Amino acid sequence: MQSISTIGVLTSGGDAPGMNACVRAVTRAAIYQGWKVYGIYRGWEGLIGGDLKEFTTESVSSTIQRGGTILKTARSEAFRTPEGRAKAFETIKRYNIDALIVIGGNGSLAGADQLAREFDLPVIGIPGTIDNDLYGTDLTLGYDTALNTIMKCVDNIRDTATSHDRIFFVEVMGRDAGFLAQNSAIAAGAEAAIIPEENTDIDQLEQFIERGIRKSKNSSIVLVSEKDGGAMHYAERVRTEYPQFDVRVSILGHLQRGGSPTAQDRILASRMGVASIEALVEGQRNVMIGVKNDEIVYVPIAKAIKIDKPIAKELINVLSILSI
Ligand code: F6P
């Protein structure tokens with residue numbers, strides 16, 4: 001097994017609260033092993049362009065509480081090409097980087113997997129995305145913070161929804177997954193969640209709306225995943241089919257992705273960052289660090305990105321029972 005003395009760390013794809021706490025943990029755990037650490041800027045773009053800097057323990061001081069990513073991030077088109085990946089590997093060789101830690105979502109980890117296979121490079125992935133859509137881990141970095149942000153926004157929307165007797169469709173992120181919509185609906189006491197994992201037809205919509213109205217508050221809040229046209233689409237359908245209702249849409253957008261990470265995300269980021277270095281020490285490669293039943297696990301990256309992560313039926317049941 002090739003011994004490791006230098007690593008690179010990058011964040012890629014959509015930023016997520018907790019990424020900085022994770023970069024901090026990776027940096028300090030690597031230095032603790034006596035290794036050299038390079039912080040690579042703007043994800044794969046920085047690796048291709050040679051935009052990196054040696055990190056010390058001080059480089060990551062006072063970052064645990066900050067949202068976004070101090071390393072910056074990007075969605076790289078160039079890295080999708082063989083030429084782009086060859087350039088990225090040239091940088092790795094030039095700086096004698098023995099292994100790479102990649103913090104990001106599905107697309108970023110797919111890129112990591114490809115680079116690792118093409119150039120026989122040890123890569124460890126860390127799931128950093130508010131979408132919580134990676135298989136093999138109960139949680140991803142940033143998910144809990146985003147969930148809390150959405151919950152607070154829906155609490156505010158409820159004030160105005162009840163005052164005006166309105167039906168609100170609140171659209172949240174999540175890409176192809178409904179974890180944010182489903183769990184924020186439970187946390188905010190909404191009437192329903194429309195998620196890609198479940199089919200929603202107009203009759204179900206009527207049922208959701210009537211639940212809100214029947215509760216004598218004459219208002220209703222439905223959380224909608226961004227996929228399939230999102231909130232606008234459902235609002236239009238309800239306006240057409242039920243003109244008697246006063247319908248509004250609120251698209252939360254990127255405000256869901258910012259902000260200081262919650263304690264849970266900071267702890268998760270710290271644990272996963274340390275685990276990524278321990279994984280390399282143990283000789284692991286091409287695995288994603290996950291957490292299952294509060295224990296650190298290693299998931300082959302290929303599995304984490306390819307298998308769909310299911311939403312527990314129990315969560316759907318809970319919302320359904322509690323919104324009667
Ligand atoms: O993957 C994180 C995420 O925030 C998704 O929920 C969303 O669909 C997407 O990124 C938005 O990407 P961008 O910031 O590039 O518009």
Side-chain angles (χ1 to χ4, degrees), residues 10-23 41-46 66-80 102-113 125-154 169-185 187 193-197 223-234 249-262 265 268-269 272 288 290 301 304-309 311:
L10 61 84
T11 53
S12 167
D15 58 290
M19 279 184 163
N20 288 327
C22 194
V23 171
Y41 290 93
R42 296 178 295 109
W44 301 120
E45 288 288 307
R66 287 168 60 186
T69 163
I70 56 163
L71 283 178
K72 298 191 178 283
T73 187
R75 300 195 192 275
S76 174
E77 281 306 318
F79 192 73
R80 291 179 196 274
V102 177
I103 308 166
N106 208 290
S108 309
L109 297 193
D113 195 48
I126 298 182
T129 167
I130 63 166
D131 303 337
N132 198 33
D133 58 350
L134 285 156
Y135 179 83
T137 184
D138 291 340
L139 296 166
T140 59
L141 299 184
Y143 171 63
D144 183 63
T145 305
L147 207 49
N148 277 281
T149 304
I150 295 167
M151 181 187 72
K152 286 177 203 148
C153 290
V154 176
F169 287 91
V170 182
E171 183 177 313
V172 297
M173 283 186 170
R175 204 176 284 277
D176 297 334
F179 294 97
L180 284 172
Q182 185 67 29
N183 280 321
S184 60
I194 297 176
I195 58 171
E197 292 83 351
L223 269 289
V224 189
S225 292
E226 64 183 336
K227 213 189 165 204
D228 299 328
M232 287 292 189
H233 166 73
Y234 288 101
V249 169
S250 186
I251 298 173
L252 299 190
H254 287 78
L255 72 81
Q256 296 161 84
R257 221 160 71 186
S260 178
T262 58
D265 271 331
L268 187 67
M272 286 182 164
M288 180 191 81
I301 295 180
I305 56 176
K306 279 195 191 115
I307 304 177
D308 282 341
K309 181 170 166 182
I311 285 203

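Just follow the structure's listing: the first ligand is 1, and inside any ligand the first atom is 1. Computed from a predicted structure; not experimentally measured.
The protein heavy atom nearest to atom 9 (C) of ligand 1 is Arg175 NH2, 3.5 Å. Counting only heavy atoms of the protein, atom 2 (C) of ligand 1 lies nearest to Asp131 OD2, 3.4 Å. Nearest protein heavy-atom neighbour of atom 12 (O) of ligand 1: Arg75 NH2, 2.9 Å.
Here atom 8 (O) of ligand 1 lies nearest to Glu226 when heavy atoms of His254, Lys227, Glu226, Arg257 are compared.
Scanning both residues, Ser12 and Gly43, for their nearest heavy atoms gives CB-CA, 4.4 Å.
Neither side chain, Asn148 nor Thr262, offers a donor N or O lying under 3.5 Å from an acceptor on the other.
Under 4.0 angstrom from ligand 1, there are no non-hydrogen atoms of Gln256.
Distance CE/Met19 to CZ/Arg66: 14.5 Å, rounded to 0.5 Å.
Asp113 contributes no side-chain N or O that, together with a main-chain N or O of Leu109, makes up a donor-acceptor pair within less than 3.5 Å.
Using a non-hydrogen distance threshold of 4.0 Å, Gly174 registers as a contact of ligand 1.
Under a cut-off of 6.0 angstrom, the local environment of NZ in Lys309 is crowded, with over 12 non-hydrogen atoms contributed by other residues, nucleotides or ligands.
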